[in-house]
Amino acid sequence: MFIKENMKKKVMVGLSGGVDSAVAASLLKDQGYEVVGVTMCLGVAPSPGGKTKCCGPEEIEDARRVCRTIGIRHYILDFARELEEEIIGPFVRDYRLGITPNPCVACNAQIKFGALLEKALAMGFDFLATGHYAGIVETDSGLALAKAWDKRKDQTYFLYAIPQKALPNVLFPLSDLTKEEVRKIAADKNLPVSNKPESQDICFIPADGISSFMKGRSNHEPGHIVDINGNTIGRHRGIASYTIGQRTGLGISSPMPLYVISIDAEKNRIIAGERKYLLAVGLVADTLNMFTEIPAEKVSGKIRYGHRPAACSAEITGGYLHVSFEKPQEAITPGQSIVLYDGEKLIGGGIIRFATRRVEELPGPHQEKSIISN
RNA sequence: AGGGGGUUCGUUCAACGGCAGGACGCUGGCCUUUGAAGCCAUGAAUGUAGGUUCGAUUCCUACACCCCCUG
């Protein structure tokens, strides 16, 4: 009664235990696909203090109940080793270098749409689907990601690094739905997770925070917080507790709020200053993943999840992506990703290595080097 | 040791003798598949002992502590 073609197509749906993936699975079932739910076991032990936010036992149980309600089979696949080696290892390493990684970007590229997709294909599935809010469109250079219909929920920022060759085998059933519609579908279908709260933090970081997570894995030495002239104005609890642009947690009172301007891993210190010092006009990124050519005219660039894309121009030279913004942007942070969009279409992106500033924007008399290179 | 200035939330700065207020920090909430940012909100102080006054953070006295100048 539905699309006959789909009857034969097998889809593996990644189920996190949340509403979105549950609805995705349900929709695919309705569309006539042969659907199997899969939850990744990432080997993340619940911390003594709090529970793990996803990938934990409760989440697996929720996913199982969803599958029972929809009437599909549910598997659990173990990716603990991959997570540890490909995501957590680099994550810890980045923090030691004083940069702020985005493990979700890496996880999507290497685990979900890397190892998991590979496994799905090997098991005879035609597609891997997830509950991401993202679209896939046809372009002159092949399939590319595109923003979801619900701009508020669009998650393409986290997905830009997935390989283009994966796209023919990927489905995003929620691409044209709003969050409200998804909630409603979940409620109409009596999915057991329809009222589950939003928001998940980094899945392998336990509830008691990143500082305690890093404690066992990295040198977590306290050090000085200095102003842009190098004067000590406070102490920090270890570089891994800070990111550029951060205001909370410095514990320093001053006439104006202070922000983390730069992180100097070599000297184990944090440079803090007023908000205006967060501005930079451009950036250089590497580890690129491009779907299409960069148009000559203006595009928009997103510096950070939650950042409003800003008008910029971009070009790739020598393997590096150079981006310059029309207006200076705040808190361009090494380790975070720059993602370029041409309207709705995702052009590609990369990992920010450093921000570039005009000479007259340099804050202190002798901090140029550390601030530029951060 | 002598002279001068000062002491108010955690920090910093206000308050004609009339309910002690702001900023920053801290804490909580909203937002959010990266600890950002932003927005909203709560809490929190007159150094000690006397005096004048209807009423003292404010005026007076003593003490304690801090800062500056001078041997």
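It should be emphasised that the depicted structure is a prediction, and the values quoted were computed from it without experimental measurement. Chain naming here is simple, since letters A, B, ... match the order of the sequence lines and numbering starts at 1 in each.
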Between B:A37, B:U32, B:A36, which one does the side chain of A:R152 approach most closely?
-> B:U32

Report yes if at least one side-chain N or O of A:Y305 is closer than 4.0 Å to OP1 or OP2 of B:U33; otherwise report no.
-> yes

Using the ring of each side chain (for Trp, its six-membered ring), is A:Y320 parallel, tilted or perpendicular to A:H322, with breaks at 30° and 60°?
-> perpendicular

Looking at the side chain of A:S253, which of B:U34, B:U11, B:A37 is the nearest nucleotide?
-> B:U11

Within the structure shown, what part of the strands sits under 4.0 Å from A:H132 by heavy-atom distance: base, sugar-phosphate, or nothing?
-> base

Quick one: label A:G335 by what it contacts on the DNA or RNA (base, sugar-phosphate, nothing), any heavy atom closer than 4.0 Å.
-> nothing

For A:G251 and A:I239, take the nucleotide of RNA chain B holding the closest heavy atom to each; which residue's nucleotide lies nearer the 5' end?
-> A:G251

Distance between the C1' atoms of B:C54 and B:A49, in whole angstroms?
-> 23 Å

Could you work out the separation of B:U7 and B:G43 based on their P atoms and round it to a whole Å?
-> 27 Å

Rounded distance (Å) that lies between atom C1' of B:G25 and atom CG of A:L258 | 10 Å

Residue whose closest nucleotide on RNA chain B lies nearer the 5' end, A:I303 versus A:Y259 = A:I303

Main-chain N/O of A:N231 paired to A:N229 side chain as donor or acceptor, under 3.5 Å = no

Do A:R183 and A:E180 meet the salt-bridge criterion of a basic N to acidic O distance under 4.0 Å?
-> no

Is any side-chain N of the basic residue among A:K179 and A:D150 closer than 4.0 Å to the acidic one's carboxylate O?
-> no

Could you check whether A:L250 gets within reach of a base, just the sugar-phosphate, or nothing at all, counting any heavy atom under 4.0 Å?
-> sugar-phosphate

Inter-nucleotide P distance (B:G47, B:C9), Å rounded = 8 Å

Roughly how far apart, to the nearest Å, are B:A20 and B:C63 at atom P?
-> 30 Å

What interatomic distance, in whole Å, is found between P of B:C24 and the corresponding atom of B:C31?
-> 24 Å

Answer whether the closest heavy-atom distance between the side chains of A:T39 and A:E59 falls below 4.5 Å.
-> no

Does B:G38 have OP1 or OP2 sitting under 4.0 Å from an N or O in the side chain of A:R247?
-> yes

Looking only at atom P, what distance separates B:A37 and B:C26, rounded to whole Å?
-> 9 Å

Indicate yes or no for a side-chain donor-acceptor contact from A:S26 to the backbone of A:A22 under 3.5 Å, with no hydrogens or angles considered.
-> no

Tell me whether the OP1 or OP2 atom of B:U33 has a side-chain N or O from A:K153 closer than 4.0 Å.
-> yes

Using a 4.0 Å heavy-atom cut-off across all strands, classify A:S254 as base, sugar-phosphate, or nothing.
-> sugar-phosphate

Touch check for A:Q246, heavy atoms < 4.0 angstrom, all strands: base, sugar-phosphate only, or nothing?
-> sugar-phosphate

C1' atoms of B:C13 and B:G28, separation to the nearest Å | 26 Å

Nearest-angstrom distance, C1' atom, B:U46 to B:C59 = 16 Å

